[in-house]
Structures are given as structure tokens and as C-alpha cells.
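In what follows, a single structure is set out as C-alpha cells and then discussed.
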Amino acid sequence: MNLTLLGTGNATVTHCYNTCFVLHESGQYLLVDGGGGNGLLCQLEKAHLRWQDMRTVFVTHKHMDHLLGILWLMRMMCQSWRRGTYEGEAVIYGHDEVISLLRTMGKALLSSKDSAFLDDRLHLVTVTDGETRQLMGHDVIFFDIRSTKAKQFGFSLELADGRLTCCGDEPYQPWEEAYVRDSKWLLHEAFCLDAEADIFHPYEKHHSTVKDACQTSARLGVQNLILYHTEDKDLAHRRQRYHAEGSRYYQGNLYIPDDLDVIAL
């Protein structure tokens with residue numbers, strides 16, 4: 001399985017795209033979040049991925065930088081079904097608030113002929129805390145991260161040789177331990193360097209620093225840590241600077257990807 005990072009930035013970045021990614025294996029794809037707009041379509045094209053193949057989608061929460069790109073994907077799908085240029089079906093998973101919002105916005109923003117495909121060929125499926133679904137041939141458990149900002153779900157996907165866990169875009173909390181501990185791969189946000197916390201104020205935004213994420217991963221036995229959802233003020237040196245701080249607290253394999261990087265899991 002490969003992981004393509006379509007975007008690695010936080011909500012207000014302008015030098016990279018908002019955090020979203022694609023898991024892909026044997027011709028099957030799982031898109032997680034869509035970023036903040038039709039830049040999703042651009043990032044997919046740059047990554048040599050077809051929007052037409054994004055038939056399984058999971059949206060973590062309703063914030064603009066995660067949800068709005070999904071509306072563009074919905075438009076492309078429904079418009080193409082209407083024109084007869086797209087075959088088959090697609091599924092978008094999310095918790096009840098996300099699914100309700102996507103359905104409401106889809107009906108309000110798409111033409112009536114296009115929105116007719118909602119809950120027909122484009123299935124909007126609600127998942128609940130602790131629910132297991134099989135996506136791409138793998139068991140995936142969805143879990144509520146108990147955010148105080150907006151209801152948000154993470155997920156844990158069973159690989160052949162371990163587990164990949166995504167905590168969404170907020171710091172790990174103790175009630176997520178059953179999913180995070182001993183994960184082979186962990187996707188975790190890191191808003192900025194701990195050394196620059198007084199500049200970017202991550203805690204005011206319910207985010208963590210590189211140091212925080214690395215200390216957590218070391219304590220919970222994570223083998224491979226991928227940091228994303230960062231600030232974008234020095235992208236040219238982000239990987240080097242984040243790795244220098246993180247490696248002081250975490251001795252596993254530390255990844256600080258740029259947009260469009262592909263990681264073999």
C-alpha cells in the first residue's frame with residue numbers, strides 16, 4: 001500500500017495545500033479529506049491520480065480546509081454521471097454531522113439534475129464511533145477523537161503487518177490509546193516547532209508541536225510517524241528543521257512529507 005500526501009498544510013496555508021491524502025493499493029483508492037477547494041483536483045492531477053478513481057472517501061470533520069474540496073469531487077462525479085461519461089458508484093463516509101452537511105450543501109449547490117445522484121450512485125454513509133467497515137479490502141475502525149471544536153473522527157486501518165492510525169488534525173488524547181499504541185504507522189498533526197510555539201500559538205488552536213507529537217509517539221511505541229497539518233512559513237527547510245527537533249524525542253522512522261510525496265507503507 002502507498003500513501004500519497006496531496007496536501008500537508010494547516011487551514012490558512014498559501015504555499016502548500018491543506019492536509020489530505022490518498023491510500024492506494026492494487027488499483028483501489030481511499031481519499032481522506034479534500035482540502036479547502038478545487039485545488040483538490042489540481043493536486044490529484046499533479047500526483048498522477050485520477051479523480052474518477054476516488055470512489056471511496058472518508059471525511060474527518062466539517063472544517064472548511066477538509067470538507068470543501070469534497071464538494072468539488074461530488075460535482076465532478078454527479079456531472080459526469082449525468083453526461084454518461086462516468087460509470088459505477090462511489091461512497092463518502094463520515095460521521096452524522098459531516099454526512100448531513102455534505103447532503104445539504106450538495107442539494108443546495110449542485111443543479112437538480114446533478115444532485116439527483118446523491119444517495120443514488122453517490123452514497124453518503126454515516127459511520128459511528130467504534131464502527132468497523134471494510135475499505136480497500138482492509139478492516140477500518142472509525143473513532144471519535146472527542147474534539148471540543150467540531151465533531152471529528154479518526155480511523156485505524158489494519159495492514160497485513162500492523163496498523164495505520166490517523167488521529168485527524170488534533171493532538172492525540174488518552175482515550176485514543178487503544179488505536180494509537182503500537183501502531184506501525186501514525187499520521188499526526190504538528191502545527192509548528194516547539195521552538196516556535198510562541199510565534200504560531202498551536203495550543204490556542206487545539207494543535208500540537210513537533211516535540212509533542214514525537215514524545216507521544218515514542219511513549220506509545222509507534223514505529224513510523226508522519227507529521228502533517230503544519231504552518232508553511234519556511235517550506236524549503238521544513239523537513240530539515242522539523243526532523244532536527246523531532247529526532248531528539250523520537251527514535252522511530254520520522255517522516256515530514258511535502259505535498260505530493262509518496263510513502264510506501
- Task: Begin from the C-alpha positions of Q152 and D169 and carry the test side-chain hydrogen bond (donor to acceptor under 3.5 Å, both in side chains) through to its verdict.
- Result: CA-CA 9 Å; Q152 182 173 172; D169 77 346; 3.0 Å; yes
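- When the shell of 6.0 Å around CZ of R75 is examined, it contains 12 or fewer heavy atoms from other residues, nucleotides or ligands.
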- Message: side-chain hydrogen bond (donor to acceptor under 3.5 Å, both in side chains), that's the test. Do T126 and D96 meet it? Break it down for me.
- Response: CA-CA 5 Å; T126 298; D96 54 352; over 6 Å; no
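- For the atom pair CG of D114 and CZ of R82, the computed distance is 4.0 Å after rounding to the nearest 0.5 Å.
- A centroid separation of less than 6.0 Å is found between the aromatic rings of H66 and H229.
- Taking all atoms of both residues into account, the shortest heavy-atom contact from G94 to I99 is O-CG1, 3.4 Å.
- For the pair L135/F58, no side-chain contact is recorded, criterion being any heavy-atom separation below 4.5 Å from C-beta on.
- When all heavy atoms are compared, the tightest approach of T8 to P257 is CG2-O, 3.5 Å.
- Other residues, nucleotides and ligands place no more than 12 heavy atoms under 6.0 Å from the NZ atom of K46.
- Looking at I226, V262, V22 one by one, the single match for side chain to side chain contact (heavy atoms under 4.5 Å, CB included) with L3 turns out to be I226.
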- Task: Would you sort out whether T132 and D139 count as a side-chain hydrogen bond (donor to acceptor under 3.5 Å, both in side chains), showing the intermediate values?
- Result: CA-CA 6 Å; T132 299; D139 284 343; over 6 Å; no
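- K184 NZ: more than 12 foreign heavy atoms inside a 6.0 Å radius.
- Taking the centre of each ring, W51 and Y86 come in below the 6.0 Å mark.
- E196 pairs with exactly one of R241, K233, K211 by the salt bridge (Lys or Arg N to Asp or Glu O under 4.0 Å) rule, that one being R241.
- Taking both residues in full, the closest heavy atoms of L235 and H15 are given as CD1-O, 3.2 Å, listed atom of the first, atom of the second, then distance.
- A 6.0 Å sphere centred on CD of E158 holds more than 12 heavy atoms belonging to other residues, nucleotides or ligands.
- Between F142 and F153, the gap from one ring centroid to the other reaches at least 6.0 Å.
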- Item | Steps toward side-chain hydrogen bond (donor to acceptor under 3.5 Å, both in side chains) verdict (H188, T216) | CA-CA 10 Å; H188 195 286; T216 294; 5.5 Å; no
- Message: Could you walk me through whether D144 and K151 satisfy the salt bridge (charged side-chain N to carboxylate O under 4.0 Å, His left out) test, starting with their C-alpha distance in whole Å, then the side-chain angles of each, then the deciding distance to 0.1 Å, before giving a yes or no?
- Response: CA-CA 8 Å; D144 191 340; K151 187 175 181 179; 5.3 Å; no
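- The environment of NZ in K149 is crowded: more than 12 heavy-atom neighbours from other residues, nucleotides or ligands sit within 6.0 Å.
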- Begin with the C-alpha distance, continue with both residues' side-chain angles, and end with the deciding distance and a verdict on salt bridge (charged side-chain N to carboxylate O under 4.0 Å, His left out) for R238 and D258. CA-CA 9 Å; R238 177 179 61 179; D258 291 321; 3.2 Å; yes
